[in-house]
Protein chains: 2
Amino acid sequence: MKNISTENYLSEIYKLEQSKIKVKTNIIAKKLDISNAAVTDMLKKLSSNGLILYERYKNIQLTKKGKDYAAVIVRRHRIWEIFLNQIVGLPWDKVHDEAHRLEHSSSDELIDRIEEMLNYPEFDPHGDPIPAKDGSIPKLKESTNLSKVKIGEWGKVIRVNDYDNEFLNYLSRIGLKLGKKITVKDKLNFDNSLLIKIGDKQINISGKLASNIFIDLN
Amino acid sequence: MKNISTENYLSEIYKLEQSKIKVKTNIIAKKLDISNAAVTDMLKKLSSNGLILYERYKNIQLTKKGKDYAAVIVRRHRIWEIFLNQIVGLPWDKVHDEAHRLEHSSSDELIDRIEEMLNYPEFDPHGDPIPAKDGSIPKLKESTNLSKVKIGEWGKVIRVNDYDNEFLNYLSRIGLKLGKKITVKDKLNFDNSLLIKIGDKQINISGKLASNIFIDLN
DNA sequence: ATTAAAATTTAAGTATCCTTAAATTTATAT
DNA sequence: ATATAAATTTAAGGATACTTAAATTTTAAT
């Protein structure tokens with residue numbers, strides 16, 4: 001185990017790489033809510049520790065070593081999330097923050113034991129894949145951003161972004177969970193909002209909200 | 001939540017006060033495995049934060065504020081220990097270190113939820129009492145140090161010291177658990193060792209080992 | 001009561017990770 | 001192509017929590 005700060009940088013970079021987003025100083029600073037200068041400082045350290053490839057002003061990449069380490073942290077995080085949700089009974093919008101703290105404080109033995117208890121899950125409560133011990137990642141089903149779904153089409157919720165608790169809490173309140181069937185009834189160009197059907201309710205949601213929800217179409 | 005270091009100082013001081021041991025720089029340094037100079041430094045900070053009463057060269061005492069905070073940390077630690085032992089199935093000698101990390105990374109909501117799952121336990125897997133949310137402490141049954149038990153007397157294991165994993169692991173291996181009946185068969189002045197009966201086995205244990213085990217006599 | 005040993009504090013310095021402000025480099029718009 | 005905006009880095013500095021070495025105070029032994 002290294003320090004918490006290193007672990008946070010690595011897992012942010014890892015998640016950005018997984019999302020095919022170019023990793024730059026700026027975006028790391030925003031994700032971690034610290035100054036760009038602090039990020040530059042730290043990138044040099046991570047680089048000299050062989051965890052990332054870094055050249056001034058260029059994009060950042062994890063090395064094999066950095067990626068392996070990051071996968072361990074992301075794995076811990078997502079296993080904790082399921083555990084907290086399923087075994088402890090914490091709601092959707094609480095598990096992320098709690099897991100974010102716990103991920104830095106748990107031994108591999110504990111994580112493995114919890115994983116076993118959960119019967120080796122592949123996806124966390126938000127639909128994100130859980131890296132295996134060897135760093136391999138369960139394949140995500142193809143999904144469509146809800147904001148791109150056309151009027152009349154329907155599908156099941158397969159993943160939601162997990163970075164905003166207010167968003168997650170709102171989803172819970174409107175009954176939107178993983179696996180729920182959603183039909184797009186109408187789309188308003190005026191404000192990019194969507195009229196969707198969940199269960200027997202029809203709800204209007206903003207385009208921004210929709211863009212954080214991913215659907216398995218058909 | 002303050003920082004981890006502060007929490008570690010406070011819970012060590014708290015545990016020393018509970019054991020009626022005078023709290024001095026030296027003993028804190030030993031418990032936390034850091035230099036005396038570092039402890040002096042930190043004591044000044046804790047004092048200026050109103051968490052302890054501190055005068056140069058004098059004994060240290062928690063203030064009300066410090067004691068309340070320490071009780072929260074000790075509570076978190078001991079609740080995690082039971083959870084890890086009973087729910088997750090970690091062995092006796094693993095729960096302390098794991099709980100020691102987790103105690104700094106868990107919200108009150110999580111601890112309360114776990115406490116509820118465990119049905120409001122009063123003692124942790126080593127027999128130590130769990131401070132309640134209001135800081136009150138379940139009363140310990142009167143106990144006798146095993147090294148003080150006379151030949152022929154017997155009783156049940158009610159508490160063991162939890163600071164050495166090798167010790168705890170050894171207890172597990174000889175089948176010594178909380179609640180087990182122990183009879184003192186013989187004591188050797190030569191090396192202060194004891195011959196004890198546990199279950200149907202007779203074992204010789206050192207005086208030092210015995211002094212870390214506490215018995216409910218009769 | 002005096003002295004030696006032990007405990008404690010002070011002093012000076014280090015590593016980590018952050019800050020703001022200024023300087024530099026890169027990207028974008030026309 | 002060049003000006004301007006945006007991104008990034010450098011520089012200087014701060015808080016935290018350590019370290020070792022030296023100085024001081026307390027404790028314990030005789």
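Treat the numbers as computed from the prediction; the structure is a model and nothing was measured.
- Here A:Y9 pairs with nothing under the ring pair (Phe, Tyr, Trp, His ring centres under 6.0 Å) rule; sequence neighbours left out.
- The aromatic rings of B:H126 and B:W92 sit parallel, their planes meeting at an angle under 30°, below the 60° perpendicular limit.
- Note on the helix from C:dA1-D:dT30 to C:dT30-D:dA1: terminal axis deviation equals 10°, with five pairs used at each end and the result rounded to 10°.
- Here D:dT27 presents its C1' atom at 16 Å from CD1 of B:I27, a figure rounded to the nearest Å.
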Once base and sugar-phosphate atoms are separated, protein heavy atoms under 4.0 Å mark nucleotides 9-19 of chain D, 5' to 3', with B, S and - as BBB----SBBB
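- Residues forming a side chain to side chain contact (heavy atoms under 4.5 Å, CB included) with B:A37 (at least two apart in sequence, or on another chain): B:S35.
- For A:L51 and C:dT16, the CG to P distance is 13 Å, given to the nearest whole Å.
- Sorted by first then second residue, the salt bridge (Lys or Arg N to Asp or Glu O under 4.0 Å) pairs that include residues 125-147 of chain A, not counting sequence neighbours, are A:D112-A:K133, A:D128-A:R159, A:K141-A:D216.
- One can place CG of A:N59 at 14 Å from C1' of C:dT25, the figure rounded to the nearest angstrom.
- Ring planes of A:H104 and A:H100: perpendicular class, angle over 60° (limits at 30 and 60°).
- In B:E153, the CD atom is crowded: over 12 heavy atoms of neighbouring residues, nucleotides or ligands sit closer than 6.0 Å.
- Although no hydrogens or angles enter the test, the distance criterion places no donor-acceptor pair under 3.5 Å between the side chain of A:S47 and the main chain of A:L43.
- Residues forming a side chain to side chain contact (heavy atoms under 4.5 Å, CB included) with A:E122 (at least two apart in sequence, or on another chain): A:P138.
- The interatomic distance linking B:N26 (CG) with D:dT25 (P) rounds to 18 Å, in whole Å.
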